[in-house]
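Nothing fancy with the numbering, it's 1 onward along the sequence.
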Amino acid sequence: MDSDDRADEAWLLSVQRKLYQWSKNNPDNCYRELWNWVTDLRNLRCAWRKIASNKGSRTAGPDGMTVGRIRDGQGSEVFLGELRNDLRMGRYRPSPCRRKWIPKPRQPGKFRPLGIPTVADRIVQAAVKSILEPIFEAHFWHVSYGFRPGRGCHGALEHIRLAMRPKARAEDGRRHRAPYQWVIEGDIKGCFDHIDHHLLMERVRTRVGDLKVTRLVAQFLKAGVLEEGFLLPTSKGTPQGGVISPLLANIALSAIEERYERWVHHRRKIRAHRRSDGITAAARVRMGDRLRGLPVFFPFRYADDFVILVSGTREEAEREKAKLADYLCQTTGLELSEEKTRISDLIEGFEFLGHRVRHKWHPRFGLMPRVEIPKRRRADLRYIVKQMTKRATTGQSLLRLLRKLNPILRGWGNYYRFCTGASQIFSSLDYYVGDRIWRWLMKKHKGLHRKRTTLRRQSSWKRPARKLWRVGRTEQFLLASLKVELFRRGWMQLPAFAMVPGEPDA
């Protein structure tokens, strides 16, 4: 990285740390002097580098401009200078996004909209997000995981597993009583397309008091979309596909956690004379409510997907589901899907983020929470491998087939390697992939004499005792070679702006 680039990154990091610490120490105030930081040339240069390094930099917006065309034409410095002048003089106006419909995976005939903004809009959104993100990150709660720096789906799943784990043991040494018996699986109708702008901006203004910044965010929401040459107004929803969209969605959907403040982050219990923080106080409230026979609700959210663990009866869960639907409509303008929002027994389990979570009886330890690989996901992977090894694909070489298969297998395996029982599933899938490649080679070399002895697996370069399909140094990726283990929440790293200089890991 160039020394000037490092200076820009260091300056932006110092601003973000200042904003994060201020927001953390002043949870009920709003920051009013942000415009100069948003329009600072150093911030715009950092935003330019983020946009230019993405694969989407080669995709043109409604104006037909890409990062490459701007760099080869007037140059980035001139472009950013003009953009900054437009912002400072009040001439800048966001352009409508170009809408593109993308097919939903495993849902034939269904599509989701994707907005493609101009390069200038992406840069301004990235600059605004760099300043607003530290302010709201200090305000988001620990049960929110989606589209946040340093957090991911595996951390959310491990948090759910730990929350479901029974604490007390019976006389036989086993755990018989689970802390939660039911789960509400939340599904929001068209979340990103139906967020109420007025309610969202009210939540933004509680933390951001700079009128120029809030006006710019509102302009992004109202910019509209271009579809087949027609300009369509956007009266609700966030600009899906925009850089700032995930942050705005998290701001709106954080209302879900706030409904369960008593059991998640009991802020009213935080006092100067008390040592416990809001999270510890909430844990004590949950324990006390269970002892008194009161219902307890504990949510987990990943972007617009959320589940609520319920300690109580099914009737109490049903009542909470109805109340939550009314609450979401009032605070965000969103509606719960009656068909897809269901209540499940934790013994039967539920699917969340492509994983199956449930309680299962262990003969030694009793009730144990498990995060498993769903059968449907395994079937999906087998279907993909089968489609790639059909007779119609025998025109390509084995080297090309392995290069297409390996990234899919590696990504799938890394996503599911923290699941219970993943080792056996990985071994069975390795056998299936190897068998499909063998069948594919038999079809490819149909006229080869003695092909059953000629087409043989070879020793792996990494594991010489293992036989597999390979061409030179390119070999079949083995899912069984991945380390299967429990995910540790300590692996999640705080964003750089949340680390105080002088403290460990800062």
Side-chain angles (χ1 to χ4, degrees), residues 1-2 4-6 8-9 12 38 41-84 86-87 92-105 111-130 133 146-147 149 152 192-193 216 219-221 223-232 234 237-249 303 384 388 396 400 403-408 410-412 414-415:
M1 185 183 290
D2 190 83
D4 292 338
D5 297 346
R6 291 183 178 180
D8 295 342
E9 298 288 347
L12 180 59
V38 170
L41 196 56
R42 291 167 289 188
N43 187 17
L44 294 176
R45 282 199 294 260
C46 292
W48 166 267
R49 285 189 288 272
K50 289 179 182 178
I51 300 303
S53 61
N54 292 336
K55 292 183 179 180
S57 63
R58 295 173 291 183
T59 305
D63 58 353
M65 299 298 294
T66 62
V67 170
R69 291 180 182 176
I70 294 173
R71 188 184 287 121
D72 297 337
Q74 62 186 124
S76 61
E77 288 298 325
V78 176
F79 175 77
L80 293 177
E82 294 178 355
L83 182 59
R84 179 180 184 273
D86 291 342
L87 286 168
Y92 173 79
R93 294 292 184 275
S95 303
C97 297
R98 179 168 65 91
R99 176 175 286 177
K100 185 176 180 181
W101 293 90
I102 298 177
K104 291 185 176 181
F111 299 84
R112 66 178 181 88
L114 177 67
I116 304 175
T118 63
V119 175
D121 290 346
R122 293 179 224 172
I123 293 171
V124 176
Q125 288 187 28
V128 173
K129 181 184 177 183
S130 297
E133 189 172 51
F147 303 133
F192 288 90
D193 299 329
L216 182 60
Q219 288 175 353
F220 279 121
L221 294 174
V225 294
L226 282 174
E227 185 174 3
E228 297 181 356
F230 294 96
L231 176 61
L232 305 177
T234 50
T238 59
Q240 199 170 168
V243 180
I244 202 173
S245 297
L247 177 61
L248 296 178
I384 293 173
M388 297 177 68
Q396 60 184 333
R400 182 175 177 82
R403 286 177 175 174
K404 291 169 67 176
L405 269 174
N406 285 349
I408 298 174
R410 186 180 293 109
W412 195 91
N414 280 312
Y415 188 67

Sub-4.5 Å side-chain heavy-atom contact between [X] and [Y]:
| X | Y | answer |
| --- | --- | --- |
| V243 | I123 | no |
| L80 | W48 | yes |
| D63 | S95 | no |
| M388 | I384 | yes |
| F79 | L44 | no |

Identify the two heavy atoms, one from [X] and one from [Y], that lie closest to each other, and give their separation to 0.1 Å.
| X | Y | value |
| --- | --- | --- |
| P62 | L226 | CB-CD1, 3.8 Å |
| L231 | A223 | CD1-O, 4.4 Å |
| P117 | G115 | CD-O, 3.5 Å |
| N43 | S130 | OD1-CB, 3.9 Å |

Candidate pair E77 and R45, rule side-chain contact (heavy atoms from CB on, under 4.5 Å), full reasoning = CA-CA 8 Å; E77 288 298 325; R45 282 199 294 260; 3.6 Å; yes
In Å, rounded to the nearest 0.5 Å, how long is the span from [atom1] of [X] to [atom2] of [Y]?
| X | Y | atom1 | atom2 | result |
| --- | --- | --- | --- | --- |
| L247 | Q125 | CG | CD | 10.5 Å |
| R93 | D121 | CZ | CG | 12.0 Å |
| C97 | L232 | SG | CG | 11.5 Å |
| L87 | E82 | CG | CD | 12.0 Å |
| I51 | C46 | CD1 | SG | 12.0 Å |

Under 3.5 Å, is there a donor-acceptor pair between the side chain of [X] and the main chain of [Y]?
| X | Y | result |
| --- | --- | --- |
| E227 | R99 | no |
| R98 | A60 | yes |
| N414 | R410 | yes |
| T234 | L221 | yes |
| R42 | E9 | no |
| Q219 | P94 | no |

request  = Go through the steps for Y92 and V124 under the test side-chain contact (heavy atoms from CB on, under 4.5 Å), then give the verdict.
outcome  = CA-CA 10 Å; Y92 173 79; V124 176; 3.8 Å; yes
query = Step by step, would you call R122 with I116 a side-chain contact (heavy atoms from CB on, under 4.5 Å)?
reply = CA-CA 9 Å; R122 293 179 224 172; I116 304 175; 3.9 Å; yes
request  = May I ask you to say whether D8 pairs ionically with R49, meaning some side-chain N is under 4.0 Å from a carboxylate O?
outcome  =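 Yes.
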task = Please assess I70 against S76 for the test side-chain contact (heavy atoms from CB on, under 4.5 Å), listing each intermediate value before the final yes or no.
result = CA-CA 7 Å; I70 294 173; S76 61; 5.6 Å; no
